[in-house]
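Whatever order the structure lists ligands and atoms in, that order sets their numbers, starting from 1.
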Amino acid sequence: MFIIFQQQAMTITATSPAATRLLEVAVSGGRLSADDALILMSQASLADLSAAAVSVKRMLSGDDIYYNRNFHIEPTNICRYNCRFCSYRRSLSEPGGWTMSLRQIEEQVERYADSGITEVHLVGGVHPSATLDDYLEIVRTVRRLMPEAAIKAFSAIEHIYVFDKAGVSFDEGLRRFMEAGMDTLTGGGAEIFAPEVRGRICPDKPSGERWLALHEAAHGLGIKTNATMLYGHIESHADRIDHLLALRRLQDRTGGFNAFIPLKYRCAGNSMSHIGECPVSEDLRTLAVSRLFLDNVPHIKAYWPMYGAQATQTAMRYGADDIDGTVADTTRIYSMAGVEPPALTLDGLRSMIEEEGFRPVERDTFYNAI
Ligand code: V47
Ligand code: SF4
C-alpha cells in the first residue's frame, strides 16, 4: 500500500530573504548546498526562480537552445523488471508486447536513411532472455547502416543486466559496446536514488549505486552520458535534492555528464495511476533548482515528448537549454503513459524555440553546433 507524500502545488508569491540571498549566490556562480536547494524549493517564488535559472543558463549557453535530429528504436517492451510507474512494459505472457527482429530493426533504420539523422536512440524493456551478444548485434546493425550517426545505446539498467549475465565487468562490457559502435548511453533508469522510495516504485531494479557506478565506468572510458530523474510521484523534495547531489558529486569526479533530464511521472496506464501527476509549478521549480544546483552539468534537457509542446516552451523560461530531437513517432514510452504522441517537425521545434525569444541551434549528440 502506498503512502502518498507528494507535494501539493505550492503558491509562493514572495521569495523569503534567505532564498533571495541564495539566488544571488547561484547567479554569481556560487555553489548551493543541499540545504540551500531545499530552501529554494520551498521559499522562492516561481518568478524569481525563473529569472535566476535563465540568468545561469545564459552564462552557459547564451541565447541558444539546442535540438537534434534523432529517432528511437525500442527493440522490445517485454521486461523482466516491474517498475510500478511504467505503462510500457509487458511480461512475456501479456498481450501488447513486442520484440523486433534484427530485420525489423534494419527496416526502421533504413526508413531514416538520407534524412540527416545524427543520432539513433536505442532503449527498451529488459527482455529476460536478452544477452550481451544480442545487444552488441543490434548496435553493429545500426552502425553498419548508419556509419555517421551517433549511437546512444540503452540505459544503465539494460547494460547492467547483460553484463551480469555475461559475467563481465562494467569496463569490459562497455568496451565491447564501444567496439560494436556505441558512442554514448541514455540517461534512463536512474529514477530516484533514495533507497526507500526506489524500493517502493521499482523494487526489483538495480540500485542507484549500481546506476552511478555504471555511468562512472563509462565516463572513465571517455564515454559522455546523460542523467535522468523521475520525479512527481511519491518522492519528497529532499529525495529530489539527494538525487541531484549524487549526480553532482559524480560529475565533480568525472565531468562525464552532458545533460540532466528531469522526467515528470505520467500517470496513465500503470499501477501508480491513482496518485495522479504533480502540478506544472512543481515541474518548473524542479527544472529551475536543477539548473541552479547542478553547476557542473552543462545542459538541462526539457524532453518535449514527455512535457508536450506548450510545457516545453515554459521550461525554456526555467533554465532548460535543450529540448531533444525530432524523435517522430518512434517512442512509445510516453504515449503509453497518457501523453499525446509526439509529432513535431524540425520547423515546429525551431519555431517553438524562436517564439520564446531564444535561438534554435541544431546540435550533434555531443552539443557541437551543426
Ligand atoms: O528510465 C518510464 C522513464 C525513462 C514513465 O538520455 C517514465 O537523452 C514518466 O531515459 N512517466 C526512459 N517517466 C526515457 C529516458 C530518456 C528520455 C529522453 C532522453 C534521454 C537521454 C533519456 O522513462 C525510464 C523512466 O525513468 N519513464 N515510465 C512514466 N510513466
Ligand atoms: Fe522495464 Fe524500464 Fe519499464 Fe522498468 S521502466 S519496467 S526497467 S521498461
NZ/NE/NH1/NH2 to OD/OE distance under 4.0 Å, E191 and R198: no
Heavy-atom gap G189 to ligand 1 smaller than 4.0 Å: yes
Atoms of protein origin (N, O or S) under 2.8 Å from atom 3 (Fe) of ligand 2: C86 SG
Ligand-side contact atoms (ligand 1) for residue partner L230, heavy atom cut-off under 4.0 Å: 7 (C), 9 (C), 13 (N)
Heavy atom of the protein closest to atom 2 (Fe) of ligand 2 (residue, atom name, distance): K205 NZ, 4.1 Å
Per-atom contacts of ligand 1 with T228, taking only distances under 4.0 Å to non-hydrogen atoms: 10 (O)
Sole candidate of S93, P128, S91 that passes side chain to side chain contact (heavy atoms under 4.5 Å, CB included) when paired with I78: P128
Per-atom contacts of ligand 1 with E191, taking only distances under 4.0 Å to non-hydrogen atoms: 1 (O), 24 (C), 25 (C), 26 (O)
Stepwise side chain to side chain contact (heavy atoms under 4.5 Å, CB included) test for L60 and R291: CA-CA 10 Å; L60 293 164; R291 178 57 292 164; 3.4 Å; yes
Ligand 1 contact by K152, heavy-atom criterion under 4.0 angstrom: yes
I261: numbered ligand 1 atoms lying under 4.0 Å from its heavy atoms: 6 (O), 8 (O), 19 (C), 20 (C), 21 (C)
E354 with R359: basic N within carboxylate O range, under 4.0 Å: no
Subset of ligand 1 atoms that lie under 4.0 Å from at least one heavy atom of Y265: 9 (C), 11 (N)
Centroid-centroid distance, F71 to Y112, less than 6.0 Å: yes
Over 12 foreign heavy atoms within 6.0 Å of CZ, R144: yes
List, one per line, each side-chain donor-acceptor pair under 3.5 Å for residues 166-177, sequence neighbours excluded.
{"from": "S169", "atom 1": "OG", "to": "E172", "atom 2": "N", "distance (Å)": "3.0"}
{"from": "E172", "atom 1": "OE2", "to": "R176", "atom 2": "NE", "distance (Å)": "3.1"}

Region of K264 engaging ligand 1 - heavy atom pairs below 4.0 Å: backbone
Close-contact set for ligand 1 against G188 heavy atoms, below 4.0 Å: 1 (O), 10 (O)
Y231 ring center near Y265 ring center (under 6.0 Å): no
F293 six-ring centre to R248 NZ/CZ under 6.0 Å and within 45° of normal: yes
Under-4.0 Å salt bridge between D321 and K57: no
Test: R111 and E106 ion pair at under 4.0 Å: no
Under 4.0 Å to a heavy atom of H121 - the qualifying atoms of ligand 1, by number: 19 (C), 20 (C), 21 (C), 22 (C)
Which of the ligand 1 atoms, numbered from 1, are nearer than 4.0 Å to a heavy atom of T186: 6 (O)
A190 N/O to ligand 1 N/O under 3.5 Å: no
Salt-bridge criterion met for K224 and D183 (N-O under 4.0 Å): no
Under 3.5 Å: N/O of F85 near N/O of ligand 1: yes
Nearest-option assignment for atom 4 (C) of ligand 1, heavy atoms, candidates N68, L185, L263: L263
For L49, the option from T286, L292, L284, T15 that meets side chain to side chain contact (heavy atoms under 4.5 Å, CB included): L292
R363 side chain to N368 backbone, donor-acceptor under 3.5 Å: no
N/O separation below 3.5 Å, K205 to ligand 1: no
